[in-house]
Amino acid sequence: QVQLVESGGGLVQPGGSLRLSCAASGSIFSINRMGWYRQAPGKQRELVATITSDGSANYADAVKGRFTISRDNAKNTVYLQMSSLKPEDTAVYYCNAVISNAVLGVANIYWGKGTLVTVSS
C-alpha cells in the first residue's frame, strides 16, 4: 500500500545544487525515520543522510556541510538539499522510510525506486 516517489534528480555541473524530494503515500499511520541512500555504478548502496521524526539528522562524512536533510511531516515528505556538488556525488539516490500503518502495527522499511543525479561538466 505504501509508495515512496522521489523527484528532483538531473544533470548538474560541479559546484551546483539540487533539491531532491520524496513523498510517501498510501496506508500510513506514522512515519518514523526517513533517509536518503545512494548507489553509484559498480558500488554498494551507501547511507547519505537520515532524519528522525523529531528532526534529528545524521550525515555521511562525504556529504557533511554540503547536504541538508529535512522533512515536512504534514506532507509525508523528506527532502535532500544538495550543494557544492562533486562528480563523486553522481549516483542513483533512493528514498527510505520506516512507516507504521497502525498504532500497534509493525514498522516496515520502504524504498523508493530512485532518482538519478549526475554531476558533470
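Source: prediction; values computed, not measured.
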Between [X] and [Y], is there shared hydrophobic-cluster membership here, with clusters defined by ILVMFWY side-chain heavy atoms closer than 4.5 Å?
X	Y	result
Leu20	Leu85	yes
Tyr93	Val12	yes
Tyr37	Val92	yes
Ile28	Val98	no

How far does [atom1] of [X] sit from [atom2] of [Y], to the nearest 0.5 angstrom?
X	Y	atom1	atom2	answer
Asn32	Ile51	CG	CD1	13.0 Å
Leu47	Arg38	CG	CZ	9.5 Å
Arg19	Leu80	CZ	CG	10.0 Å
Asn58	Thr50	CG	OG1	4.5 Å
Asp54	Arg71	CG	CZ	8.5 Å
Asn101	Phe29	CG	CZ	9.5 Å

Exercise. Look at atom CD of Glu88 and say whether more than 12 heavy atoms of other residues, nucleotides or ligands are closer to it than 6.0 Å.
Key: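 Yes.
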Quiz item: Does CD in Gln3 sit with more than 12 non-hydrogen atoms of other residues, nucleotides or ligands closer than 6.0 Å?
Solution: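 Atom CD in Gln3 is not packed in, count stays at 12 or less.
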Specify the closest pair of heavy atoms between [X] and [Y], including all atoms of both residues, with the distance to one decimal.
X	Y	answer
Ser84	Ser17	N-OG, 4.3 Å
Leu18	Gly8	CD2-O, 3.8 Å
Val78	Cys95	CG1-SG, 3.7 Å
Ile69	Ala57	CG2-CB, 3.7 Å

Practice problem: Just do the side chain to side chain contact (heavy atoms under 4.5 Å, CB included) check on Ser25 and Val5 with the steps written out, would you? | Solution: CA-CA 8 Å; Ser25 62; Val5 180; 5.7 Å; no
Self-check item: Any Ile31 side-chain heavy atom under 4.5 Å of Asn73 side chain
Solution: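 No, every pair of side-chain atoms sits at 4.5 Å or beyond.
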Exercise. Side-chain contact test, heavy atoms from C-beta onward, threshold under 4.5 Å: evaluate it for Ser7 versus Thr115 and give yes or no.
Key: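 Answer no - side chains too far apart.
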Quiz item: Any salt bridge between Lys113 and Glu6, counting N to O under 4.0 Å?
Solution: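 A salt bridge is absent here (no side-chain N lies under 4.0 Å from a carboxylate O).
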Self-check item: Selection residues 48-81 - residue pairs positive for ring-ring contact (aromatic ring centres under 6.0 Å, His included), sequence neighbours left out
Solution: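 As it turns out, there is no ring-ring contact (aromatic ring centres under 6.0 Å, His included) pair with a partner in residues 48-81 once direct neighbours are skipped.
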Practice problem: Report the C-alpha separation of Trp36 and Met82 in whole Å, then their side-chain angles, then the decisive distance to 0.1 Å, and conclude whether the side chain to side chain contact (heavy atoms under 4.5 Å, CB included) test is met. | Solution: CA-CA 12 Å; Trp36 291 93; Met82 305 183 293; over 6 Å; no
Quiz prompt | Exam field: side chain Thr90 to backbone Val119, donor-acceptor pair closer than 3.5 Å | solution =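 Answer holds: yes.
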Quiz item: By salt bridge (Lys or Arg N to Asp or Glu O under 4.0 Å), which residues pair with Arg66, not counting sequence neighbours?
Solution: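 If we apply the salt bridge (Lys or Arg N to Asp or Glu O under 4.0 Å) test to Arg66, skipping adjacent residues, the hits are Asp89.
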Practice problem: Could you check Asn108 against Val2 for side chain to side chain contact (heavy atoms under 4.5 Å, CB included), going step by step and ending with a plain yes or no? | Solution: CA-CA 10 Å; Asn108 296 311; Val2 174; over 6 Å; no
Quiz item: Passes side chain to side chain contact (heavy atoms under 4.5 Å, CB included), Asn96 versus Arg33? Steps please.
Solution: CA-CA 8 Å; Asn96 167 272; Arg33 179 180 51 79; 3.2 Å; yes
